[in-house]
Engineer: 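Quick one: this structure, given as structure tokens, is what I'll be asking you about.
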Amino acid sequence: MTSEGVAYERRSAAPVIAPVRPRKLAKVPFVELAEGRLQGVVSSGSDVERVYVSSITSGDHGLSCNTNNNRPCGGLGGGTYACNHLRALADAAVAQYGLDRVSRYLKATLPDDSDNLWAGLHTTTAPNRAAEVFSGFLRHLAYLEVPPTSDPLPELHWFPAAGAVR
Ligand SMILES: [Zn+2]
């Protein structure tokens, strides 16, 4: 068997869910609806070494945002007003899954004709889940099993080294 054959089989086994509309993977490399949360990883706007791990719980809309080093997000402050990372995460989720699915998952009731997820969220603070969510992100990367290929790997654009491979 050629190495190309192996790479092809690995690629074809990876789960590919087409987003509802294109989203900015460099900004939000990982987003999922899992474990009763909308959760994901958001790039820092200013520091390429840092990412934020953000989540919103289903039902009580508890907000959590911490760096990958487990420092609390300064932007989240008191905890009930969403920081830019949580807003980017919500935007990415809506792009990935569609507003209906995201609002249903979070048990958010949007006002009639509203296309703003935040209008349906009654936010509160949630315990820090950064370690769990970040390990989910790392499992997600491992699952991709990145074969040597020149194809674009959108999930890895966040990593400067992977983005440079051509
Ligand atoms: Zn934040």
Side-chain angles (χ1 to χ4, degrees), residues 15 17-111 114-144 152-164:
I17 301 166
V20 174
R21 59 183 166 79
R23 62 185 183 88
K24 290 177 184 158
L25 285 158
K27 179 71 184 162
V28 183
F30 178 58
V31 58
E32 65 176 3
L33 298 171
E35 298 159 33
R37 293 188 293 272
L38 161 60
Q39 56 191 19
V41 172
V42 181
S43 309
S44 164
S46 53
D47 183 350
V48 295
E49 299 281 299
R50 191 189 308 155
V51 294
Y52 288 87
V53 182
S54 308
S55 62
I56 306 170
T57 59
S58 168
D60 56 4
H61 307 153
L63 306 181
S64 170
C65 188
N66 297 274
T67 69
N68 51 321
N69 296 325
N70 225 9
R71 300 240 164 89
C73 169
L76 188 54
T80 56
Y81 186 80
C83 59
N84 290 339
H85 314 111
L86 282 160
R87 291 184 180 277
L89 176 74
D91 286 350
V94 168
Q96 177 75 38
Y97 298 106
L99 181 63
D100 282 354
R101 193 166 158 199
V102 174
S103 57
R104 232 179 309 138
Y105 190 86
L106 293 177
K107 301 187 172 69
T109 306
L110 268 57
S114 175
D115 59 358
N116 177 11
L117 179 66
W118 294 100
L121 298 178
H122 305 282
T123 53
T124 180
T125 51
N128 174 4
R129 298 282 181 227
E132 281 171 57
V133 177
F134 198 67
S135 70
F137 173 54
L138 297 179
R139 273 199 308 278
H140 169 78
L141 291 180
Y143 187 63
L144 294 175
L153 291 165
E155 285 80 358
L156 295 180
H157 280 181
W158 171 67
F159 293 100

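Since we're looking at a predicted model, the values are computed, not measured. Whatever order the structure lists them in is the order used to number ligands and atoms, beginning at 1.
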Engineer: Does a side-chain heavy-atom distance below 4.5 Å link Arg37 with Arg129?
Structural biologist: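 Answer yes - side chains close enough.
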Engineer: Within a radius of less than 6.0 Å around CG of Asn128, do more than 12 heavy atoms belonging to other residues, nucleotides or ligands occur?
Structural biologist: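 Enclosed: over 12 neighbouring heavy atoms sit under 6.0 Å from CG of Asn128.
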Engineer: Is the backbone N or O of Leu106 less than 3.5 Å from a side-chain atom of His61, with the two atoms forming a donor-acceptor pair by type?
Structural biologist: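 Yes, because the side chain of His61 sits within donor-acceptor range (under 3.5 Å) of the backbone of Leu106.
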Engineer: Mind checking what makes side-chain contact (heavy atoms from CB on, under 4.5 Å) contact with Asn116, not counting sequence neighbours?
Structural biologist: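 Expected list: Ser114, Trp118, Ala119.
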Engineer: Under the side-chain contact (heavy atoms from CB on, under 4.5 Å) test, which residues partner Lys107, sequence neighbours left out?
Structural biologist: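 Result, side-chain contact (heavy atoms from CB on, under 4.5 Å) vs Lys107: Ser58.
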Engineer: Apply ring pair (Phe, Tyr, Trp, His ring centres under 6.0 Å) to Tyr105 and list each qualifying residue two or more places apart in sequence or on a separate chain.
Structural biologist: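 For Tyr105 there are no ring pair (Phe, Tyr, Trp, His ring centres under 6.0 Å) partners, ignoring immediate neighbours.
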Engineer: Check for me: within less than 2.8 Å of the Zn ion (ligand 1), which protein N/O/S atoms show up?
Structural biologist: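 Less than 2.8 Å away from the Zn ion (ligand 1) sit Cys65 SG, Cys73 SG, Cys83 SG, His85 ND1.
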